[in-house]
Colleague: 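Structure incoming, see below.
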Amino acid sequence: MYQVKVNEQFQFDIEIEKNNLKVNGEEIFIDSAGLNNGTAHLLYKHQSYNAEVISIDKAAKTCQVKVNGTVYSVGVEDQYDQLLQQLGLDNLASNKITEIKAPMPGLVLNVIVAEDAEVKKGDSLLILEAMKMENILKSSTDGIVKKIAVVKGDKVDKNQILIQFK
């Protein structure tokens, strides 16, 4: 069973078994024809609908769908998402990262960011030499640099705090 939220307002329970589609326990029949580039033409209860997938975020399990010119935000939860939510484990990935630690012992070759700098996920923070290889440490989250605990030339141990975020 899937739980589908539309525009964070409407929620539907959807079951798909073989070729049968049930929405909130009621079996419905939709005649559809897939066109090209994520578009489809649908017939439901003698009404015609043109649908187009505008964007998909697979990680967040959301998408933007345009139906007859109106854009809808759609989120989907499967049985595993629902189980994680019931167990209270659904927000573990959203915990804010507050610090970057050295993944291995090494030598700081360069610090690329400054304190109070705003960084985006994927931005380079510093270069750490370990086992004669240069490793660029990147930000795993969006944030603002609170404190830089190392300078160029420092030797660091594994798990030593390098950078803290606000």
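We use all heavy atoms of the structure for the numbers below, so side chains are in, but hydrogens, waters and symmetry mates are not. Because the structure is predicted, anything quoted here is derived from the model rather than measured.
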Colleague: How long is the straight-line distance from OH of Tyr2 back to CD1 of Ile14, given to the nearest 0.5 Å?
Modeller: 10.0 Å
Colleague: Are Val113 and Ile136 connected in a single hydrophobic cluster, I mean Ile/Leu/Val/Met/Phe/Trp/Tyr linked by side-chain heavy atoms less than 4.5 Å apart?
Modeller: no
Colleague: Please tell me whether Ile56 and Val71 are part of a single hydrophobic cluster in this structure, the criterion being side-chain heavy atoms less than 4.5 Å apart.
Modeller: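 In one cluster with Ile56: Val71, no.
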Colleague: Give every donor-acceptor pair under 3.5 Å between a side-chain atom in residues 147-163 and any protein atom, sequence neighbours left out.
Modeller:
unit_1: Asp154; atom_1: OD2; unit_2: Val151; atom_2: N; d: 3.0
unit_1: Gln160; atom_1: OE1; unit_2: Asp157; atom_2: N; d: 3.0

Colleague: Check whether any side-chain heavy atom of Val74 lies under 4.5 Å from a side-chain heavy atom of Val4, and answer yes or no.
Modeller: yes
Colleague: Look at the side chain of Asn7 and the backbone N and O of Ser73, then say whether any donor-acceptor pair between them is shorter than 3.5 Å.
Modeller: yes
Colleague: Taking the side chain as every heavy atom from C-beta outward, state whether Cys63 and Val76 have any pair of such atoms under 4.5 Å apart.
Modeller: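 A side-chain contact under 4.5 Å is absent here.
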Colleague: Enumerate donor-acceptor pairs with a distance under 3.5 Å from any side-chain N or O in residues 18-36 to protein atoms, sequence neighbours excluded.
Modeller:
unit_1: Asn24; atom_1: OD1; unit_2: Asp13; atom_2: N; d: 2.8

Colleague: Do Ser140 and Ile100 come close enough that some side-chain heavy atom pair is under 4.5 Å?
Modeller: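 Yes - at least one pair of side-chain heavy atoms lies under 4.5 Å apart.
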Colleague: So how far is it from Met1 CE to Glu17 CD, rounded to the nearest 0.5 Å?
Modeller: 9.5 Å
Colleague: Considering only heavy atoms from C-beta outward, does the side chain of Asp78 approach that of Lys61 to under 4.5 Å?
Modeller: yes
Colleague: When you compare the side chain of Val145 with that of Phe165, does any pair of heavy atoms fall below 4.5 Å?
Modeller: yes
Colleague: Tell me whether Asn110 contacts the main-chain N or O of Ile112 through its side chain, where contact means a donor paired with an acceptor under 3.5 Å.
Modeller: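 The answer is no, because no donor-acceptor pair under 3.5 Å joins these two groups.
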Colleague: Please name the pair of heavy atoms, one in Lys5 and one in Gln11, separated by the smallest distance, quoted to 0.1 Å.
Modeller: CE-OE1, 3.3 Å
Colleague: Between Val111 and Leu107, is there shared hydrophobic-cluster membership here, with clusters defined by ILVMFWY side-chain heavy atoms closer than 4.5 Å?
Modeller: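 No; Leu107 is not reachable from Val111 via cluster members.
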Colleague: Roughly how far, to the nearest 0.5 Å, is the CD atom of Gln3 from the CZ atom of Phe12?
Modeller: 12.0 Å
Colleague: Only distances under 3.5 Å count here; give the side-chain donor-acceptor pairs of residues 116-128 to other protein atoms, sequence neighbours excluded, each with its distance to 0.1 Å.
Modeller:
unit_1: Asp116; atom_1: OD1; unit_2: Lys166; atom_2: NZ; d: 2.8
unit_1: Glu118; atom_1: OE2; unit_2: Lys120; atom_2: NZ; d: 3.4
unit_1: Asp123; atom_1: OD2; unit_2: Lys120; atom_2: N; d: 2.8

Colleague: Any chance you could measure Gln164, atom CD, to Lys101, atom NZ, to the nearest 0.5 Å?
Modeller: 10.0 Å
Colleague: Report yes or no: do Phe10 and Val67 belong to one cluster of Ile/Leu/Val/Met/Phe/Trp/Tyr joined by side chain heavy-atom distances under 4.5 Å?
Modeller: yes
Colleague: Give, for atom NZ of Lys66 and atom CD1 of Ile54, the distance between the pair rounded to the nearest 0.5 Å.
Modeller: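 So the NZ of Lys66 and the CD1 of Ile54 are separated by 5.0 Å.
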